[in-house]
Number of protein chains: 2
Amino acid sequence: MEYIEAKNKFIQAWGTLGSSWGINKAMAQIHALLLISPNPLTTEEIMEELKISRGNANMNIRALIDWGIVEKEHRIGERKEFFSTGKDILELARQVSKERRKREIDPILKVLEQIQDVSGENEKLSKEFKNVTGDLRNFTQKVDGVIEKFSKSDKNWFYKLLMKL
Amino acid sequence: MEYIEAKNKFIQAWGTLGSSWGINKAMAQIHALLLISPNPLTTEEIMEELKISRGNANMNIRALIDWGIVEKEHRIGERKEFFSTGKDILELARQVSKERRKREIDPILKVLEQIQDVSGENEKLSKEFKNVTGDLRNFTQKVDGVIEKFSKSDKNWFYKLLMKL
DNA sequence: ATTAACTTTCAATATTTATTGAAAGTTTAA
DNA sequence: TTAAACTTTCAATAAATATTGAAAGTTAAT
């Protein structure tokens, strides 16, 4: 397969995967592009390569920086900013899971805790409700623990875990 | 907190969580409702409770059945179908991860394999490309293995894993 | 075979989310 | 300090996604 074709296929696929995981297409595609690029790219180059507008490129680059998976680089004598992403996939996975934990697991745990002390005239309903939300909270906390461990771990932790399985 | 309030809060929160995980709001809310309901519900009851249309309810109930996390029940002498979902959270997590593995991990692995034999005049680009996509494939396969093991495992597997950590 | 009770479908519509591009803001070399 | 080179913002617009509801389809008791 030709390089250009392979590259486009990859960017495309990564974008699609991103979409079904709550990462928007442009963001996932910018990330894909930076992943396979051997050198840092400017906003201009990213716009050009992905055929997206300046605003779109800018916003999503900033989002990726926010997520801690893209870094900017200044070069002396150059006004432009150059962007790159780490090529260590495990590190990337750690950053992403850390981010999602904060944004998604924390809020749902908060709700599950809030609703734990439900009271109602209907005994059966209240009991069922407490059972289910309690289980859910328990499970979520456990998963949360694993993700936290993963996102804070040294590089080998996950591989060691995989080896055990 | 009153039962009604707690229930609505839960359905709401579960819907929001679903949205950021590629499960649409109605689908997640129907699931939440069935989770906390002590008895199976009809389409009618679901529509009423969540204030959604017949078509919407029907389509999402079918999707949940497709995903293997909701079951229908016929009752003799009754024309209506009753729906329920298992209350075992771990089992639910297994079903969901199985489904997503099939729908999302398989396709991306396929692409990563396809593009592995890239050829191009530019040595540096091709090499970087192969490195990154190769790593990605490797990592994805490992994660895939874990998810598969999880989704096929007996109930205790995951708890045992958690205990180890 | 009929029909009432239900389920499914799908084109129209509404809602949500992403994208654009032009204007405003900022930085830095001279 | 200026002004060219760049970055950021955001209201308008487009695109994607979800929802409705009415009509068509199906089923099962009589």
Side-chain angles (χ1 to χ4, degrees), chain A residues 11-34 40-67 70-84 100 103-104, chain B residues 11-34 40-67 70-84 100 103-104:
Chain A
I11 289 173
Q12 200 48 49
W14 207 238
T16 304
L17 188 68
S19 297
S20 59
W21 283 88
I23 293 158
N24 83 48
K25 207 177 67 184
M27 191 169 159
Q29 288 183 337
I30 292 169
H31 177 246
L33 180 60
L34 292 176
L41 303 177
T42 62
T43 302
E44 214 76 25
E45 290 169 313
I46 292 169
M47 285 166 59
E48 161 69 16
E49 192 81 47
L50 302 177
K51 311 276 185 248
I52 60 175
S53 73
R54 183 171 300 287
N56 196 7
N58 181 267
M59 301 231 297
N60 287 112
I61 290 168
R62 298 306 136 185
L64 286 165
I65 291 173
D66 258 15
W67 275 53
V70 159
E71 280 161 18
K72 67 174 140 189
E73 176 183 316
H74 286 282
R75 290 185 186 170
I76 48 174
E78 289 261 28
R79 291 266 188 97
K80 286 176 191 154
E81 291 178 321
F82 289 77
F83 303 100
S84 62
R100 297 202 69 142
R103 294 183 194 219
E104 289 154 17
Chain B
I11 289 173
Q12 200 47 48
W14 207 237
T16 304
L17 188 68
S19 298
S20 58
W21 284 88
I23 293 156
N24 85 47
K25 208 177 67 184
M27 190 169 160
Q29 288 183 337
I30 292 169
H31 176 247
L33 180 60
L34 292 176
L41 303 177
T42 62
T43 302
E44 212 77 27
E45 289 169 313
I46 292 169
M47 287 166 59
E48 160 70 16
E49 192 82 48
L50 302 177
K51 311 276 185 247
I52 60 176
S53 74
R54 182 171 301 285
N56 196 8
N58 182 266
M59 302 229 297
N60 287 111
I61 290 168
R62 298 305 136 185
L64 286 164
I65 292 172
D66 258 15
W67 276 53
V70 159
E71 280 161 19
K72 65 174 144 190
E73 179 184 318
H74 285 283
R75 291 186 186 171
I76 47 174
E78 289 261 30
R79 293 263 188 100
K80 285 175 190 155
E81 292 178 321
F82 289 77
F83 305 100
S84 63
R100 296 200 69 141
R103 293 183 196 219
E104 288 155 17

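Each chain gets a letter, A, B and so on, in the order its sequence line appears, and its residues count up from 1. None of the values given here were measured: they were computed from a predicted structure.
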Nearest atoms (heavy-atom pairs only) where B:Arg100 meets A:Ser20: NH2-O, 2.8 Å
In whole Å, I'd like the distance from the CD atom of A:Glu44 to the P atom of D:dT8. 13 Å
Given atom CG of A:Asp66 and atom C1' of D:dT8, what is their separation to the nearest angstrom? 14 Å
Rounded to the Å, how far apart are B:Lys72 NZ and C:dT8 C1'? 11 Å
Walk me through whether B:Gln29 and B:Leu33 qualify under side chain to side chain contact (heavy atoms under 4.5 Å, CB included). CA-CA 6 Å; B:Gln29 288 183 337; B:Leu33 180 60; over 6 Å; no
Send over the distance from A:Lys80 NZ to D:dT8 P, rounded to a whole Å. 15 Å
Would you sort out whether B:Thr42 and B:Glu45 count as a side chain to side chain contact (heavy atoms under 4.5 Å, CB included), showing the intermediate values? CA-CA 5 Å; B:Thr42 62; B:Glu45 289 169 313; 3.3 Å; yes
Whole angstroms only, please: what is the CD1-C1' distance between A:Ile61 and D:dT8? 12 Å
For B:Glu81, report the nucleic acid contact type (base, sugar-phosphate, nothing); a contact means any heavy atom under 4.0 Å. sugar-phosphate
Sugar-phosphate means primed atoms, P, OP1 and OP2; the rest is base. With that split, encode nucleotides 19-30 of chain D 5' to 3' as B, S or - using protein heavy atoms under 4.0 Å. SBB------BS-
In whole Å, I'd like the distance from the CD atom of B:Gln29 to the P atom of D:dA18. 13 Å
Measuring only between side-chain heavy atoms, which start at C-beta, is B:Asn56 closer than 4.5 Å to B:Leu50? no
With a 4.5 Å heavy-atom cut-off, do B:Met27 and B:Leu64 have their side chains touching? yes
Length of the CD1-C1' vector between A:Ile46 and D:dC6, whole Å: 15 Å
To the nearest Å, give me how far apart CG (A:Leu64) and P (D:dT8) are. 13 Å
N or O in side chain of A:Asn58 less than 4.0 angstrom from D:dT7 OP1/OP2: no
Using a strict cut-off of less than 4.0 Å between a Lys/Arg side-chain nitrogen and an Asp/Glu carboxylate oxygen, indicate whether A:Glu81 and A:Arg62 qualify as a salt bridge. yes
